[in-house]
4 protein chains.
Amino acid sequence: MADVIEAAARILETSGAETLTTNMIAEVAGVSPGSVYQYFSDKQSIISALIAREAHEFMKVSHDAIEECSGLEAMIGFSKALTLHRLQRPKLTLQLILLDPTLTASSESAKINEEIYNLLVDIVNESSVLDDKTASVFVMDIMAIMRGMMLGEFLNQDRIDDLPDRIADAVAGYWSRRIQAVSKCD
Amino acid sequence: MADVIEAAARILETSGAETLTTNMIAEVAGVSPGSVYQYFSDKQSIISALIAREAHEFMKVSHDAIEECSGLEAMIGFSKALTLHRLQRPKLTLQLILLDPTLTASSESAKINEEIYNLLVDIVNESSVLDDKTASVFVMDIMAIMRGMMLGEFLNQDRIDDLPDRIADAVAGYWSRRIQAVSKCD
Amino acid sequence: MADVIEAAARILETSGAETLTTNMIAEVAGVSPGSVYQYFSDKQSIISALIAREAHEFMKVSHDAIEECSGLEAMIGFSKALTLHRLQRPKLTLQLILLDPTLTASSESAKINEEIYNLLVDIVNESSVLDDKTASVFVMDIMAIMRGMMLGEFLNQDRIDDLPDRIADAVAGYWSRRIQAVSKCD
Amino acid sequence: MADVIEAAARILETSGAETLTTNMIAEVAGVSPGSVYQYFSDKQSIISALIAREAHEFMKVSHDAIEECSGLEAMIGFSKALTLHRLQRPKLTLQLILLDPTLTASSESAKINEEIYNLLVDIVNESSVLDDKTASVFVMDIMAIMRGMMLGEFLNQDRIDDLPDRIADAVAGYWSRRIQAVSKCD
DNA sequence: TATGAATGAGAATTCATTCAT
DNA sequence: TATGAATGAATTCTCATTCAT
């Protein structure tokens with residue numbers, strides 16, 4: 001099962017989503033096409049499982065990065081952890097974002113995604129009192145910025161070494177500007 | 001020809017890239033499958049033409065938004081113009097980003113993309129003296145932030161009315177933080 | 001009309017039967033696809049007309065080659081005339097043989113073919129008294145030998161300059177051997 | 001796999017090359033269209049495999065026909081064996097000659113073709129000393145005569161019973177005439 | 001449970017032919 | 001009469017999925 005998922009990951013990395021056929025997955029995983037369907041109901045669920053795996057892996061890293069920090073500092077910690085984590089397999093990250101930008105393909109990854117979302121909402125609420133909707137949009141934007149910048153970098157691979165810092169700056173920049181904007185409204 | 005491109009756009013909006021078949025495009029365009037190939041050599045070139053159309057439309061808006069401004073002000077003008085433009089057809093924007101994040105699918109859209117890129121590099125160079133590489137990464141990041149936030153919003157459609165402002169804040173935040181970071185390095 | 005036929009010929013020569021489309025014929029002939037159908041009921045009738053044209057051209061040469069000769073000498077004269085004639089456009093000959101080995105695609109070329117056939121039967125009958133069936137097979141074989149050797153040579157283009165002599169030898173060889181064989185039977 | 005090849009053969013025999021579609025092959029073979037592509041990469045490779053099959057079958061017969069003979073006698077033995085072999089499925093032979101007159105469609109049949117070619121060159125060299133080029137043309141001509149006469153007969157089916165003898169006479173006739181012609185040149 | 005050959009619906013594309021202008 | 005855009009049936013080939021072994 002893990003082999004099948006990893007096979008899908010490797011195919012995405014080496015030749016992209018168009019070549020991701022179930023027969024190819026089976027071949028790379030070293031099993032028969034029929035066996036793949038013993039564990040996965042269909043092709044989409046393999047992709048979903050891969051996304052869930054990646055989300056899971058990240059969750060482990062995520063908590064450590066935030067603890068003992070709060071507010072913007074915690075958010076920056078989070079963004080750097082996410083970026084460093086995804087830098088390990090940039091091509092894969094790129095392909096997964098294109099396949100499922102929201103990470104909600106499976107209920108499992110959707111759940112993990114929500115956990116992360118709640119984590120970030122908590123961080124935001126520690127330092128400012130925003131109504132639910134505003135906090136939600138705030139967090140979504142920050143995730144979108146991170147996702148967008150990773151996607152951009154992984155497409156160009158121009159200056160991958162300082163990507164974590166650049167993303168941190170983008171997040172911090174958004175945070176400080178936006179907190180002001182949101183406060184003004186009240 | 002325009003009908004075929006618009007048909008592709010509508011299919012992307014209503015049911016996404018998987019249902020974008022050449023037969024479906026022909027049907028929605030109200031022509032026969034054969035007719036599609038009178039104007040387009042293959043399926044990809046329809047998509048490329050659609051992307052080129054969108055890029056073209058945006059270019060018209062783009063110049064107006066920037067003129068008489070400079071520096072950050074110009075960049076914010078640009079980001080708002082882009083966002084407002086893409087807000088007209090958010091679902092389509094989303095699908096096109098997923099199909100071709102770099103806008104380089106066709107030589108024509110690649111050219112327009114480069115024009116926009118040069119426009120932004122000029123804006124950056126007006127206010128700060130950065131070496132070529134740094135300016136390039138700077139501009140790429142800003143485009144990535146915009147792309148990421150649009151993609152995020154169009155997936156959720158939570159608070160679309162203040163998206164231009166939020167993107168402008170993100171761009172401004174990145175700009176001010178990053179100019180400092182880059183200056184420190186010198 | 002002649003332009004259309006010649007266009008078909010040229011396409012056969014340059015790129016073979018697979019690329020012989022009606023649209024291509026029209027383009028090479030410098031007319032519109034619709035115009036082609038003013039003169040020809042369908043694609044096959046263009047090919048038939050081309051075959052008829054070639055048969056016709058050859059008939060002109062044919063009579064001259066035979067007159068004042070008789071028997072084997074006349075037959076050799078005929079074979080050399082045919083070979084020299086077809087050597088002018090070997091590629092075309094090759095393609096036409098493959099398209100219609102019997103030259104009976106159209107009633108017109110079938111008629112010319114029969115004329116030639118009768119000519120050769122007369123030649124045979126001048127020197128030997130064979131029953132109709134035997135004479136018929138005799139002539140058919142000679143035509144088949146010529147066709148086969150031309151086809152072979154035009155595929156390889158090895159030694160095209162002495163092809164007429166080689167074919168003449170083959171014809172003469174068949175003639176002399178076969179006359180004996182046929183006589184024995186009686 | 002053999003079923004698919006035989007299906008192609010039968011279609012060629014009954015209705016010719018225009019009706020030889022991959023769907024029809026699958027239907028006649030009693031399998032699904034997809035199954036055809038399990039064994040053959042594309043349509044052409046089915047045809048090539050059929051040609052290779054025929055060439056292979058003939059090779060088995062070929063050696064026996066020649067052994068213990070030499071010179072013209074061996075060549076006549078060969079020509080009779082070939083003719084008798086192809087007489088088993090004349091319609092198929094006809095269609096295959098039109099599809100691939102040189103038998104070089106596949107590397108496998110090309111190889112077999114070369115084997116046969118070498119066999120015949122050896123036969124020629126046993127009785128006469130010809131330079132390479134002359135021997136090559138000599139053998140090619142003999143093969144062309146056989147091919148041409150089979151093609152002619154299979155089109156008309158006039159007197160199929162004495163075809164082997166007629167072809168043998170044609171070959172013998174060419175041989176004796178041509179050996180003289182070639183010797184004169186020296 | 002694992003296999004992998006077989007499936008067959010469906011995709012992209014072609015091209016002989018038509019017909020409104 | 002000439003045009004050439006439009007047609008649409010037919011073709012090759014793919015691939016997610018199944019099921020007998």
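Chain letters run A, B, ... following the sequence lines, proteins first and then strands; every chain starts at 1.
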At a cut-off of 3.5 Å, list every protein nitrogen or oxygen paired with a nitrogen or oxygen from nucleotides 18-21 of chain F, distance to 0.1 Å.
none

Whole-Å gap separating P (F:dT14) and CZ (D:Phe40): 15 Å
Out of F:dT1, E:dT17, E:dT3, which has the shortest distance to the side chain of C:Lys43? E:dT17
Find the distance B:Met1:CE to F:dA6:P and express it as a whole number of Å. 12 Å
Short side-chain N/O contact to E:dG8 OP1/OP2 from D:Ser32, under 4.0 Å: no
Output every pair passing salt bridge (charged side-chain N to carboxylate O under 4.0 Å, His left out) with a member in residues 38-53 of chain C, not counting sequence neighbours, ordered by first then second residue. C:Glu6-C:Arg53, C:Arg53-C:Glu57
Any side-chain heavy-atom pair of D:Phe154 and D:Ile97 under 4.5 Å: no
Pairwise side-chain contact, D:Leu103 with D:Ile116, heavy-atom cut-off 4.5 Å (strictly under): no
May I ask you to list the residues of residues 44-54 of chain D, by number, that have any heavy atom positioned under 4.0 Å from an atom of DNA chain F? none
Under the side-chain hydrogen bond (donor to acceptor under 3.5 Å, both in side chains) rule, collect the residues that match up with A:Thr22, sequence neighbours excluded. none
Side-chain (B:Asn156) to main-chain (B:Gly152) donor-acceptor, under 3.5 angstrom: yes
Take atom CD of D:Glu27 as the centre, draw a 6.0 Å sphere, and report whether it contains more than 12 heavy atoms from other residues, nucleotides or ligands. no
Side chains of B:Phe58 and B:Ile112: does their closest heavy-atom pair fall under 4.5 Å? no
For D:Ser45 and D:Ser48, test the side chains for any donor-to-acceptor distance below 3.5 angstrom and give the result as yes or no. no
Can you measure D:Gln38 atom CD to E:dA6 atom P for me and round it to whole angstrom units? 6 Å
Could you spell out the base pairing of DNA chain E as a dot-bracket line? Use Watson-Crick and G-U wobble contacts where both distances are under 3.5 Å, [ ] for crossing pairs, | for partners on a different strand. .||||||||||||||||||||
Just by modelled atom types, is the D:Val31 backbone N or O under 3.5 Å from a matching donor or acceptor in the D:Ser35 side chain? no
Going by side-chain contact (heavy atoms from CB on, under 4.5 Å), A:Leu96 matches just one of A:Leu92, A:Leu98, A:Thr93. Which one? A:Leu92
In C:His85, C:Arg89, C:Arg86, the residue satisfying side-chain hydrogen bond (donor to acceptor under 3.5 Å, both in side chains) with C:Glu54 is C:Arg86
Do A:Ile46 and A:Leu20 have side chains that get closer than 4.5 Å, going by heavy atoms? no
Within residues 16-29 of chain D, the residues having a heavy atom closer than 4.0 Å to DNA chain F are D:Leu20, D:Thr21, D:Thr22, D:Asn23
Quick check on E:dA2: is either OP1 or OP2 less than 4.0 Å from any side-chain nitrogen or oxygen of A:Tyr39? yes
For C:Thr102, is there any backbone N or O sitting under 3.5 Å from a side-chain donor or acceptor partner on C:Asn113? yes
Base, sugar-phosphate or nothing for B:Val36? Non-hydrogen atoms, less than 4.0 Å. nothing
